[in-house]
2 protein chains.
Amino acid sequence: MTDDRIMTIREMCDAYDVTPRTLRFYEAKELLFPIREGQKRLFTKRDRARLKLILRGKRFGFSLEEIRQLLDLYHMGDQQQTQLARTYEIAQQRLSDMEAQRDELNQAIDELKEQMRWGEKMLASMDQSKRAAE
Amino acid sequence: MTDDRIMTIREMCDAYDVTPRTLRFYEAKELLFPIREGQKRLFTKRDRARLKLILRGKRFGFSLEEIRQLLDLYHMGDQQQTQLARTYEIAQQRLSDMEAQRDELNQAIDELKEQMRWGEKMLASMDQSKRAAE
DNA sequence: CGTCTGAGTTACGTCAACGTAAATTCCCAT
DNA sequence: ATGGGAATTTACGTTGACGTAACTCAGACG
């Protein structure tokens, strides 16, 4: 399977459009755990899966620390149930935050649309005046 | 009307749960324009309206600069139509950004919910094992 | 009149998420 | 052996959105 190929840092950068600095930074922050073959880093399928989630998380405005927590939930195997329950709580909290944000966002979108219709009419009437003046 | 009352910086801070530093910072960034009576700042209904929008914008992850642009659209009265059209464009761009973000957010919420159901089942089975062990 | 409080100005500090530059180090082909 | 091209480490720089400390100044109050 070409699926669990191992990738160099360059390949990763090209594939996910990030810089080497970013990948090393994520490793330092314990978001990724590439294999260290001598000096070089080698990224596995696991790292690629995590990176995808990191990048998506970022698009939602999560901090790297928050993302790390969620990643722990995703990849929790046979940990203590206490920790798992805690992290589960965190995820629930985040979920309701996200839903609240989505609702507010929807409302704001509607309001902004209203405002823009207002702008449209203004532009139209100004165009009229302009034609009349010529 | 108690609506267009004028408020001191302290009253504003209490009412909107921000620090004086924040309000002065927003003034410096031209997001607010309190009246300067001698030394003191006095905040009008207009400032309060703007502040509400600023705070909401922040919850969506807009930068203060982006918020300033939107505020300009909201409070645009009789400006040149060129500027207005430009700002209108910006607002449209932002709108589609927001909608894309909302869609992605919805998708992530669904996926996270899935993942959490997974976590629920794990917790349940672990609870079973625990009972059996006692 | 002294002082205490609240507001203001100035300017340096902070935190996140990297960017960027400098100085190795490693491998490979000439 | 040697020069070239990656990758690495170290460490200082950057941007946004304020925090925080130091000092000043204007009223209010006993």
Side-chain angles (χ1 to χ4, degrees), chain A residues 5-44 47-48 50-72 90 94 97-98 101, chain B residues 5-44 47-48 50-72 90 94 97-98 101:
Chain A
R5 252 204 72 223
I6 257 173
M7 293 174 64
T8 75
I9 202 170
R10 220 31 357 264
E11 292 172 323
M12 288 292 284
C13 292
D14 295 347
Y16 297 95
D17 194 35
V18 292
T19 72
R21 175 66 171 114
T22 298
L23 293 178
R24 296 190 195 108
F25 186 75
Y26 289 168
E27 182 186 4
K29 292 281 170 176
E30 306 198 277
L31 288 160
L32 296 178
F33 308 95
I35 307 169
R36 300 304 293 268
E37 179 131 333
Q39 275 294 50
K40 319 245 174 204
R41 289 164 174 84
L42 296 176
F43 297 84
T44 69
D47 294 306
R48 290 194 290 279
R50 295 179 72 97
L51 181 53
K52 279 181 209 166
L53 291 172
I54 293 170
L55 296 177
R56 193 166 63 191
K58 290 206 54 182
R59 289 199 295 279
F60 304 151
F62 289 98
S63 74
L64 291 185
E65 176 53 27
E66 289 170 325
I67 292 174
R68 207 180 52 73
Q69 310 243 345
L70 289 177
L71 280 175
D72 287 351
I90 294 175
R94 280 259 128 265
D97 284 0
M98 286 165 73
Q101 182 179 347
Chain B
R5 252 203 72 223
I6 256 173
M7 295 174 62
T8 76
I9 203 170
R10 240 334 57 240
E11 292 171 324
M12 289 292 283
C13 292
D14 295 347
Y16 297 95
D17 194 37
V18 293
T19 71
R21 174 67 171 113
T22 299
L23 294 178
R24 296 190 195 109
F25 186 76
Y26 290 169
E27 183 187 2
K29 293 280 171 176
E30 305 198 277
L31 288 160
L32 297 178
F33 308 95
I35 307 168
R36 302 302 293 266
E37 179 131 333
Q39 275 294 51
K40 317 245 174 206
R41 290 166 174 84
L42 295 176
F43 297 83
T44 69
D47 294 306
R48 290 194 290 280
R50 294 178 73 97
L51 181 54
K52 279 181 209 166
L53 291 172
I54 293 170
L55 297 177
R56 192 166 64 191
K58 290 206 56 181
R59 289 199 295 279
F60 303 152
F62 289 98
S63 75
L64 291 185
E65 176 53 25
E66 290 170 325
I67 292 173
R68 205 181 54 72
Q69 310 243 347
L70 289 178
L71 280 175
D72 288 350
I90 294 175
R94 280 259 127 263
D97 285 0
M98 285 165 75
Q101 182 179 346

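A note on names: the letters A, B, ... follow the listed sequences, proteins ahead of strands, and every chain is numbered from 1.
In this structure, CD of A/E30 is placed 17 Å from C1' of C/dA16, rounded to the nearest angstrom. Put simply, CG on A/L31 is 13 Å from P on C/dA16, counting in whole angstrom units. What separates CG of A/L23 from P of D/dT9 is a distance of 13 Å, to the nearest Å. Regarding A/R10, its CZ atom lies at a distance of 10 Å from the P atom of D/dT8, rounded to whole Å. The interatomic distance linking B/L32 (CG) with C/dG8 (C1') rounds to 17 Å, in whole Å. Here C/dG6 presents its P atom at 17 Å from CG of B/L42, a figure rounded to the nearest Å. If you measure from atom CD of B/E27 to atom P of C/dA7, you get 15 Å, rounded to the nearest angstrom. When rounded to the nearest whole Å, the span between CG of A/L55 and P of C/dC18 equals 9 Å.
The side-chain contact (heavy atoms from CB on, under 4.5 Å) check on A/K52 picks up A/Y16, with sequence neighbours excluded. Every residue two or more places apart in sequence or in another chain that forms a side-chain contact (heavy atoms from CB on, under 4.5 Å) with A/L42 is listed here: A/I6, A/I35, A/E37. By the side-chain contact (heavy atoms from CB on, under 4.5 Å) test, B/R10 pairs with B/T8, B/C13, B/D14, B/P20, sequence neighbours left out. A/R68 is linked by a salt bridge (Lys or Arg N to Asp or Glu O under 4.0 Å) to A/E65, A/D72, counting only residues two or more places apart in sequence or in another chain. Taking the side-chain hydrogen bond (donor to acceptor under 3.5 Å, both in side chains) definition, one finds that B/E30 meets it with nothing, sequence neighbours left out. Checked against side-chain contact (heavy atoms from CB on, under 4.5 Å), B/K40 has no partners two or more places apart in sequence or in another chain.
For the OP1/OP2 pair of C/dT9 and a distance below 4.0 Å, the side-chain nitrogens and oxygens of B/R36 include at least one atom meeting the criterion. The phosphate of D/dA7 (OP1 or OP2) has no side-chain N or O of A/R41 nearer than 4.0 angstrom.
Across all strands shown, B/R24 has heavy atoms under 4.0 Å from base atoms, whether or not it also approaches the sugar-phosphate.
Atoms CG and CD1, on B/L23 and B/I9 in that order, are 5.0 Å from each other to the nearest 0.5 Å. Taken from CG in A/L71 to CD1 in A/I67, the straight-line distance is 7.0 Å, to the nearest 0.5 Å.
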(request) Go along nucleotides 10-27 of chain D 5' to 3' and tag each nucleotide: B for a protein heavy atom under 4.0 Å from its base, S when only backbone or sugar atoms are that close, - otherwise. (result) -B-----BBBB-------

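What you find for A/L31 and A/L64 is that their closest heavy atoms are CD2-O, 3.8 Å.
Rounded to 10°, the angle separating the first-five-pair axis and the last-five-pair axis of the helix from C/dC1-D/dG30 to C/dC28-D/dG3 equals 30°.
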